[in-house]
Amino acid sequence: MAAAEDGGGGGAAYDPSYVPDSVKTFVAHMYRHIRDKNVYEIHQMYEGGFQRLSDRLFRDAPWPAAEAVSPYCDGDHVFLLLYRELWYRHAYARASSSSSSPLTAGQRAESWANYCDLFSVVLHGVVNMQLPNQWLWDMVDEFVYQFQSFCQYRAKLKNKSPDELHQLKQFDKAWNVYGVLNYLQALVEKSMIAQILEREKEGLEQFTATDGYDYQGGSNVLKMLGYYSMIGLLRMHCLLGDYHTGLKCLAPIDLNQQGVYTIVIGSHISAIYHYGFANLMMRRYAEAIREFNKILLYILKYKQYHQKSPQYDQFLKKNEQMYALLAICLSLCPQHNLIDENVSTQLKEKYNDKMTKMQRFDDEAYAAYDELFSYACPKFITPSPPALDQPLTNYNQDAYRLQLKLFLYEVKQQQLLSGIRSYLKLYSTITIAKLAQYMEVDEATLRSILMTYKHKMHAVDNNGKIVSSADFNFYIKEDVIHVMESKPVKRHGDYFLRQILKFEEMIGELEKVQFD
């Protein structure tokens with residue numbers, strides 16, 4: 001382990017065995033709080049203390065090796081696994097922010113081995129700890145991120161040195177896609193979280209009310225890792241392009257209710273971003289619009305409370321990506337009645353020009369879809385290792401290109417149907433012969449186009465029901481098309497609530513001015 005930590009990028013000045021006094025104090029206090037199950041104190045040290053020490057002492061070097069801090073935690077095996085998890089997360093953060101601190105395949109493999117040991121203890125040992133939800137979410141999130149990062153690293157072969165290629169062959173079992181999926185699935189199953197959530201719906205169990213913590217002297221670790229692993233599995237399957245399986249993995253969590261996933265903003269944003277993206281790719285545009293609207297409205301109201309979070313920049317990036325995805329959804333399925341006026345205002349400021357282009361049927365519209373999708377989509381990965389004995393090239397963009405091709409193929413089909421939508425919105429009844437004449441096609445072709453429109457505007461939801469995402473419906477009777485436009489229900493209550501909140505904010509500002 002020391003050998004891997006030795007190479008963290010600190011150069012000759014870095015001594016993995018040297019432990020500053022502030023780190024000794026940090027480790028000793030963290031160990032004591034974990035042993036005593038002081039969740040609040042652990043959270044303060046994890047969110048605040050670790051970040052402050054990293055910024056002050058380890059901006060250009062790794063933390064001390066786990067072996068070096070072992071005397072300050074009584075050599076506790078589980079605590080050292082948790083410490084190494086933080087050690088590698090800090091190393092990955094440094095590598096992503098600085099090209100001078102790259103991670104080798106060996107270090108990535110060591111991090112994988114540490115996660116295997118840590119999750120094996122949780123799954124098969126006796127873990128009597130209470131850890132903050134934030135840490136447990138970050139653990140799952142980082143696990144999936146490091147897998148994604150390794151797949152991207154492994155697929156960039158063109159400029160790899162002979163030593164790097166040798167390490168890739170040596171550690172070819174690290175970050176295996178089946179291993180990653182199996183650990184996440186094992187955490188879900190062993191925690192019995194799906195059954196717990198089902199029992200909670202029947203009023204037989206308390207989970208959301210306690211934020212997942214165990215106040216009877218037990219542990220929340222397995223239960224919460226299982227809960228967050230459902231979101232991790234959704235993200236994994238989105239990276240692999242298997243959207244149906246991803247949504248099935250998240251099914252036990254009811255997104256229409258306030259759940260534990262909303263307590264940690266990172267898990268809230270990740271769950272909705274990947275849920276919305278999966279629905280977009282499965283043509284469930286109305287569902288994607290509803291969920292993007294809810295989370296974007298939430299971020300709009302509460303983002304100022306998360307400005308001190310180390311992940312604040314990531315939240316803002318995901319926020320921008322979700323606005324781009326919302327613009328795509330509304331261009332393919334113009335149901336503007338599903339979004340709040342504040343979100344609509346933000347969307348117009350950011351993407352009004354792009355959305356205007358996407359309504360047309362030309363190459364410029366196609367390019368706008370391409371640009372927004374490329375900006376907002378997940379970093380797709382190819383899970384299988386590349387052949388190292390062939391001419392070396394980069395494969396890291398292959399999965400992205402495939403998903404982009406599939407998406408643009410769907411857009412092209414939707415663009416062909418945009419004309420029919422424009423005509424039908426003008427009429428309440430029109431004969432097939434007349435519409436065929438307007439569209440300059442024969443009647444048989446028009447019937448095919450109408451059937452295609454019906455098909456494209458319907459999708460199967462998570463419960464197996466066929467749902468429509470069209471903003472109007474139609475039927476044909478005796479060669480006459482009858483159009484029924486769905487009128488949005490005006491939500492007067494929401495309007496008055498927004499005005500009340502605005503007046504309260506204005507009164508608050510005026511009172512501040514008065515006291516100043």
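Note: Asn293 CG to Leu347 CG = 10.0 Å, rounded to the nearest 0.5 Å. In this structure, CD in Glu371 is found 8.5 Å from OH in Tyr351, a value given to the nearest 0.5 Å. Considering CE of Met45 and CG of Asn38, their distance stands at 11.0 Å, rounded to 0.5 Å. Interatomic distance, Asn182 CG to Leu123 CG, rounded to the nearest 0.5 Å: 11.0 Å. Tyr323 contributes atom OH, which lies 6.0 Å from atom NZ of Lys350 (distance to the nearest 0.5 angstrom). Note that NZ of Lys357 is 10.0 Å distant from CG of Leu372, once rounded to the nearest 0.5 Å.
Of the N and O atoms on the side chains of Glu287 and Tyr275, at least one donor lies less than 3.5 Å from an acceptor on the other residue. No donor-acceptor contact under 3.5 angstrom links the side chains of Ser111 and Trp87, judged on distance only. Donor-acceptor pairing under 3.5 Å is lacking for the side chains of Thr210 and Asp214. Neither side chain, Gln314 nor Lys317, offers a donor N or O lying under 3.5 Å from an acceptor on the other. One side chain, Glu85 or Tyr115, offers a donor N or O that lies under 3.5 Å from an acceptor on the other. Side chains of Asn114 and Glu110: a donor-acceptor N/O pair is absent below 3.5 angstrom, by distance only. Using modelled atom types and a 3.5 Å distance limit, the side chains of Lys37 and Asn128 yield a donor-acceptor pair. Asp340 and Asn342 form a side-chain donor-acceptor contact under 3.5 Å, judged by distance and modelled atom types alone. With hydrogens and angles left out, the side-chain atoms of Glu410 and Gln414 include a donor and acceptor closer than 3.5 Å. Gln146 and Glu142 are linked by a side-chain donor-acceptor pair at a separation below 3.5 angstrom, with hydrogens and angles left out of the test.
Using modelled atom types, one side-chain atom of Gln304 and one backbone atom of Lys301 make a donor-acceptor pair closer than 3.5 Å. Between the Ser191 side chain and the Leu187 main chain, a donor and an acceptor come within less than 3.5 Å of each other. No side-chain donor-acceptor contact under 3.5 Å links Ser229 to the backbone of Val188. With hydrogens and angles disregarded, no donor-acceptor distance shorter than 3.5 Å links the side chain of Gln44 to the backbone of Gly49. Of the possible donor and acceptor atoms, none in the side chain of Ser149 sits under 3.5 Å from a partner among the backbone N and O of Tyr145. A donor-acceptor contact shorter than 3.5 Å links the side chain of Gln107 to the backbone of Thr104. With hydrogens and angles ignored, the 3.5 Å screen pairs no side-chain donor or acceptor of Tyr285 with any backbone N or O of Pro334. Looking at Asn176, its side chain does come within 3.5 Å of a backbone N or O of Tyr178 through a donor-acceptor pair. Using a distance-only test at 3.5 Å, with no hydrogens or angles considered, a donor-acceptor pair links the side chain of Asn133 to the main chain of Asp211. The closest donor-acceptor contact from the side chain of Gln130 to the backbone of Ile34 lies at 3.5 Å or more, if one exists at all.
Contact check for Tyr227 versus Leu136: no side-chain heavy atoms found under the 4.5 Å cut-off. Residues Phe58 and Val23 have side chains in contact (heavy-atom distance under 4.5 Å, counting atoms from C-beta outward). Contact of the Leu239 side chain with the Val144 side chain is registered, since non-hydrogen atoms from C-beta on lie closer than 4.5 Å. Residues Cys377 and Phe407 fail the side-chain proximity criterion, which asks for heavy atoms closer than 4.5 Å. When side chains are defined from C-beta on, Met30 does not count as touching Phe50, because their heavy atoms never get closer than 4.5 Å. For the pair Leu240/Ile381, a side-chain contact is recorded, criterion being any heavy-atom separation below 4.5 Å from C-beta on. Met281 has its side chain within reach of Gln403: a pair of non-hydrogen atoms, C-beta onward, lies under 4.5 Å apart. With contacts defined as side-chain heavy-atom distances shorter than 4.5 Å, the pair Ile295/Met322 qualifies.
Contact between Gly212 and Asn220 at its shortest, heavy atoms only, is O-CB, 3.4 Å. Shortest non-hydrogen contact noted between Lys223 and Ile196 is CD-CD1, 3.7 Å. Residues Leu280 and Cys329 come closest through the heavy atom pair CD1-SG, 3.9 Å. Counting all heavy atoms, side chain and backbone alike, Pro378 lies closest to His274 at CG-CD2, 4.5 Å. Nearest heavy atom pair, residue Gly179 against residue Trp112, reads C-CH2, 3.8 Å. The shortest non-hydrogen separation linking Tyr46 to Gln134 is CE2-CG, 3.9 Å.
The neighbour count for Lys248 NZ, taken as heavy atoms of other residues, nucleotides or ligands under 6.0 Å away, does not exceed 12. No more than 12 heavy atoms of other residues, nucleotides or ligands lie within 6.0 Å of NE2 in His244, so this atom counts as exposed by the packing criterion. Annotation: Lys156, atom NZ; neighbour count of heavy atoms from other residues, nucleotides and ligands within 6.0 Å does not exceed 12.
A salt bridge links Asp398 to Arg401: at least one charged side-chain nitrogen sits closer than 4.0 Å to a carboxylate oxygen.
Aromatic ring orientation, Tyr243 versus Phe380: perpendicular (interplanar angle above 60°, classes split at 30° and 60°). Using a 30° and 60° split on the angle between ring planes, Phe373 and Phe277 fall in the tilted class, from 30° to 60°.
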Take Tyr395 and Thr382, measure what side chain to side chain contact (heavy atoms under 4.5 Å, CB included) needs, and give me the verdict at the end. CA-CA 8 Å; Tyr395 301 93; Thr382 303; 5.7 Å; no

Verdict with reasoning, Cys151 to Trp175, per side chain to side chain contact (heavy atoms under 4.5 Å, CB included): CA-CA 8 Å; Cys151 289; Trp175 294 108; 6.0 Å; no

Glu202 and Arg199: salt bridge (Lys or Arg N to Asp or Glu O under 4.0 Å), yes or no, with the steps? CA-CA 5 Å; Glu202 298 167 5; Arg199 284 170 58 81; over 6 Å; no

Taking it one step at a time, do Met139 and Val221 satisfy side chain to side chain contact (heavy atoms under 4.5 Å, CB included)? CA-CA 11 Å; Met139 219 178 276; Val221 174; over 6 Å; no

If you apply the rule side chain to side chain contact (heavy atoms under 4.5 Å, CB included), what do you find for Tyr302 with Ile265, and how did you get there? CA-CA 10 Å; Tyr302 298 109; Ile265 190 167; over 6 Å; no

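A cation-pi arrangement, defined by a distance under 6.0 Å to the six-membered ring centre and an angle within 45 degrees of its axis, is absent between Arg108 and Phe171. Geometrically, Arg35 engages Tyr31 in a cation-pi contact defined by less than 6.0 Å to the ring centre and at most 45° from the axis.
If you run ring pair (Phe, Tyr, Trp, His ring centres under 6.0 Å) between Tyr228 and each of Phe143, Trp137, Trp135, only Trp137 comes through.
The aromatic ring centroids of Tyr88 and Trp63 lie 6.0 Å or more from each other.
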Below 3.5 Å, can you tabulate the donor-acceptor pairs from side chains in residues 249-261 to any protein atom, sequence neighbours excluded?
{"unit_1": "Asp254", "atom_1": "OD1", "unit_2": "Asn256", "atom_2": "N", "d": "3.0"}
{"unit_1": "Gln258", "atom_1": "NE2", "unit_2": "Thr262", "atom_2": "OG1", "d": "3.3"}
{"unit_1": "Tyr261", "atom_1": "OH", "unit_2": "Leu255", "atom_2": "O", "d": "3.3"}

